[in-house]
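Sequence lines set the chain letters: A, B, ... in the order given, protein chains first and strands last, and positions in each chain run from 1.
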Amino acid sequence: MAEEFEPKIVAFLCKWCSSAGSDLAGVSRMEYPPNVVPIQVMCSGSVSPLYVLSAFNKGADGVLVSGCHPGDCHYIKGNFYARRRIALVKRLLDFIGLEPQRFQMSWVSAAEGTKYTQIIKDFVQELKPLGPQTKLRRDL
Amino acid sequence: MKRTGVFICHCGINIAGTVDVKKAAKELAKHKGVVHSEEYVYMCSDPGQNLIIDAIKEKKLDNVVIACCSPTLHETTFRNAAKSAGINTFQCEIANIREQCSWVHKDMNKATDKAIKITKSAVERVRRNESLEPISVPVTRRALVIGGGIAGIQSALDLANSGFEVVLVERSPSIGGHMIQLSETFPTLDCSQCILTPKMVEVSKHPKIKLMTYSEVQEVSGYVGNFKVKILKKPTYVDPDKCTLCDECSKVCPVLVSNEFDLGLTGRRAIYIPFPQAIPATYTLDIKGCPGLLPIACGKCADVCEPEAIDYDMKPEIVEEEVGAIIVTTGYDLYDKENMAEYGYGKYADVLDGLQFERLCSASGPTMGKILRPSDHKEPKEVVFIQCVGSRDPELHCAYCSKICCMYTAKHAMLYKHHVHDGQAYIFYIDIRSGGKGYEEFVQRAVEEDGVLYLRGKVSKIFEDKGKIKVWGVDTLSGKDIEIDADMVVLATAMRPSKGAEELAKKLKIAMDKDGFLSEAHPKLRPVESVTSGMFLAGAAQAPKDIPEAVAQASGAAAKAIAILSQDRLYHAPTVAKVNLNLCTGCGMCVEVCPYEALSLKDGKVEVNEVLCEGCGTCSATCLRAAIQVKNLTPLQVHEMISISLGG
């Protein structure tokens, strides 16, 4: 039997909430699939649509942007901008024909290690049946 | 090409148990630009740091990556090590391969692969880092304390006694908070007013404290060391300098409203002094009750005021203050009556909350310290106290423990017995939580000396029956149903964040937890700091706590504030936004989105105020031309990190 498809995920985690939440998952020794490589950014609001497209372009099968809960942004309102921007990017990707499951946004606070773990587990499960992302890959 | 060094920490087996550190070090050694790659059992140890320092010097490294635990832990350690070896602190980056890798995975091959990717992406980042020096700003050496309860009073006194000017803002007419309403305090049975009033007097007389009562913080701007605060001073319509406290005004005032100091057990006039020891000692005219500020409508109080202290033309005033640090001590409120209808709270006059019972016990209270039923002024012979009312009830009310109720209920039962010797006190409880110095002994004393009957169980129903309040409950220890014909019921209602705290937290930009209490920066290691630098928390605003804890936290917050105020200059992270003037078209979209108003347009280009900029990067994601970028996390760096994360 062929080896099971392992999706490659890039996760943009804001420093103050989601990266800290991901740290907490580690401190609490929770377990999730190693398919995700985290990139810590200062704020989810700093995630440019180009970062998302660049990740898909470079072969990501899924992209996650995770920030503080709306209203709890360390930078007051950065995640509100992120929310709007991500909604637009989602529509753009939909228009291009990329499966909507491939791009997700989540709100994970510094206290939500369990939630982060679950999000990654679910994300990987959702991506597996889709197979590799080819729509936006540069090298194909 | 820049010369990079990579140092991979085993962290004992915390990392090495799941990540093949030797393989990782070998792989990293092959990466372009990496001229040194090694692993060591504890990089954060002195020998570990020396490895880094020596390698930087010997191999003339331009920058280093330490693959270890989360940057929240040892970033400073390693950056300082790098600095001591002669390279800029920003030429050191951390790759988090513990919390975000070794601790969350089990498959060694996959975890090793991931650790390599994370480390390589840090290498790509650090190679493009600019060397930066912290931005230095001057410090306004004054503090603002918001809330004049025991925590605020303690913080203000500690700051003032250390030689710093303090602005103490309290929204009600007097300082004192809830503590001044209490009769006695556990576990010593000290008279609460007797121990608090000396501190209140000290506040009022202190040359370094500017007391602003009946005032509210309207707006806060600026940053640590240099906050600008707008404070609304509500009109009291009484000139405190002229008022002689003769009480003639309240004698003639025709308006009677509920007295909040006695929690509705008594009434007060529209012109009133909250309590005799109020600080500042002056009357306040509450316009909510007053028929109008038109002297034609009433004006009786002004007519009788001999020193002519009453001034109906007093207007609200906005006072601007500049401070370097802010301490928030907004305290608590009790859980709303409406939520506890099942216990007859708010329906039956003789069902009281803990604070109302304090007023009944208090020598200065409505009954002059006699415990009498509010309904018929008779002495209650059977009193039922119920703990955890609204607390520890995740389905319907608050999930958390309000912490002080076990102790104050034991105190209430004890005080009741001291007043009514032939009475019987019953306490319904879930558990007794008496952690604290002398607390367990205090509960034992209630049981042994005062014969308080503890019943472990919840109350199912409370209803009025022939002048008594029937309490149905269960004693889970004996398994028996309990029915008590009580004369009075006292509910230990949950502590909630003070009303208005949420609004204030938004103005201050400090975070709140899911229950609305203010969030500390770290639950263990930074318990008095908020996540916003320069703002500190103390007292029940942060979480339910008793007086000694509130005082300790208040002093802790003051000490933290002093650590800022005693500096000549403060240093600000230099990883701020930077504009490429060749690319900037002056469209101003970034100016619009900046949460800190750090950007402005000047001569058709954007200009960054580096002191205000926090480096969040929202501007950079907004810019269509990547003309504005945050130093050391530029789009180019992120794109390279993405490439590496996806396998090169």
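Using a 4.5 Å cut-off between heavy atoms, B:Q637 makes no contact with chain A at all. Residue contact with chain A, scored on non-hydrogen atoms closer than 4.5 Å, involves the backbone of B:C594 exclusively. Residue B:T622 touches chain A through both its backbone and its side chain, counting heavy-atom pairs closer than 4.5 Å. Only the side chain of B:K114 comes within less than 4.5 Å of a heavy atom in chain A; its backbone stays farther off. Residue contact with chain A, scored on non-hydrogen atoms closer than 4.5 Å, involves the side chain of B:N96 exclusively. Neither the backbone nor the side chain of B:D107 comes within less than 4.5 Å of any heavy atom in chain A. Both the backbone and the side chain of B:P635 come within contact range of chain A, judged by heavy atoms closer than 4.5 Å. Neither the backbone nor the side chain of B:S121 comes within less than 4.5 Å of any heavy atom of chain A. With a 4.5 Å cut-off on non-hydrogen atoms, A:L13 touches chain B through its side chain but not through its backbone. With a 4.5 Å cut-off on non-hydrogen atoms, A:S19 touches chain B through its backbone and its side chain both.
Using a 4.5 Å heavy-atom cutoff, the side chains of A:S109 and B:K514 are not in contact. With a 4.5 Å cut-off on side-chain heavy atoms, A:H74 and B:C616 do not count as touching. Between B:V593 and A:F80 there is no side-chain heavy-atom pair separated by less than 4.5 Å.
The shortest non-hydrogen separation linking B:E592 to A:Y81 is O-OH, 3.7 Å. For the residue pair B:T618 and A:R85, the shortest heavy atom distance occurs at O-NH2, 3.9 Å.
Your options are B:R125, B:R98, B:Q100, B:K506, and the one with the most heavy-atom pairs under 4.5 Å with chain A is B:Q100. When A:E6, A:M42, A:E31, A:M30 are compared by the number of non-hydrogen pairs under 4.5 Å with chain B, A:E31 comes out ahead. Looking only at heavy-atom pairs under 4.5 Å with chain B, the residue among A:G26, A:A25, A:P33 that has the most is A:G26.
Within a 6.0 Å sphere centred on NZ of B:K578, heavy atoms belonging to other residues, nucleotides or ligands number 12 at most. Within a 6.0 Å sphere centred on NZ of A:K121, other residues, nucleotides and ligands contribute more than 12 heavy atoms. Summarising the local packing, CD of A:Q101 is surrounded by more than 12 heavy atoms from other residues, nucleotides or ligands at distances under 6.0 Å. The environment of CD in B:E597 is sparse: at most 12 heavy-atom neighbours from other residues, nucleotides or ligands sit within 6.0 Å.
A donor-acceptor distance shorter than 3.5 angstrom exists from the side chain of A:K8 to the backbone of B:L646, with no hydrogens or angles considered. With hydrogens and angles disregarded, no donor-acceptor distance shorter than 3.5 Å links the side chain of B:K110 to the backbone of A:N35.
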Checklist entry - Taking it one step at a time, do B:I642 and A:I39 satisfy side-chain contact (heavy atoms from CB on, under 4.5 Å)? => result CA-CA 8 Å; B:I642 295 170; A:I39 293 180; 3.8 Å; yes
Checklist entry - Should A:Y32 and B:H105 be marked as a side-chain contact (heavy atoms from CB on, under 4.5 Å) after you check the CA-CA gap, both sets of side-chain angles, and the distance that decides it? => result CA-CA 6 Å; A:Y32 54 81; B:H105 306 312; 3.7 Å; yes
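To the nearest 0.5 Å, the span separating OG on B:S643 from CG on A:N57 amounts to 9.0 Å.
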Just list the side-chain donor-acceptor pairs under 3.5 Å for residues 43-55 of chain A, sequence neighbours left out, or say none.
residue, atom, partner, partner atom, Å
A:S46, OG, A:C43, O, 2.8
A:S48, OG, A:L50, N, 2.9
A:S54, OG, A:K58, NZ, 3.0
A:S54, OG, B:H639, ND1, 3.0

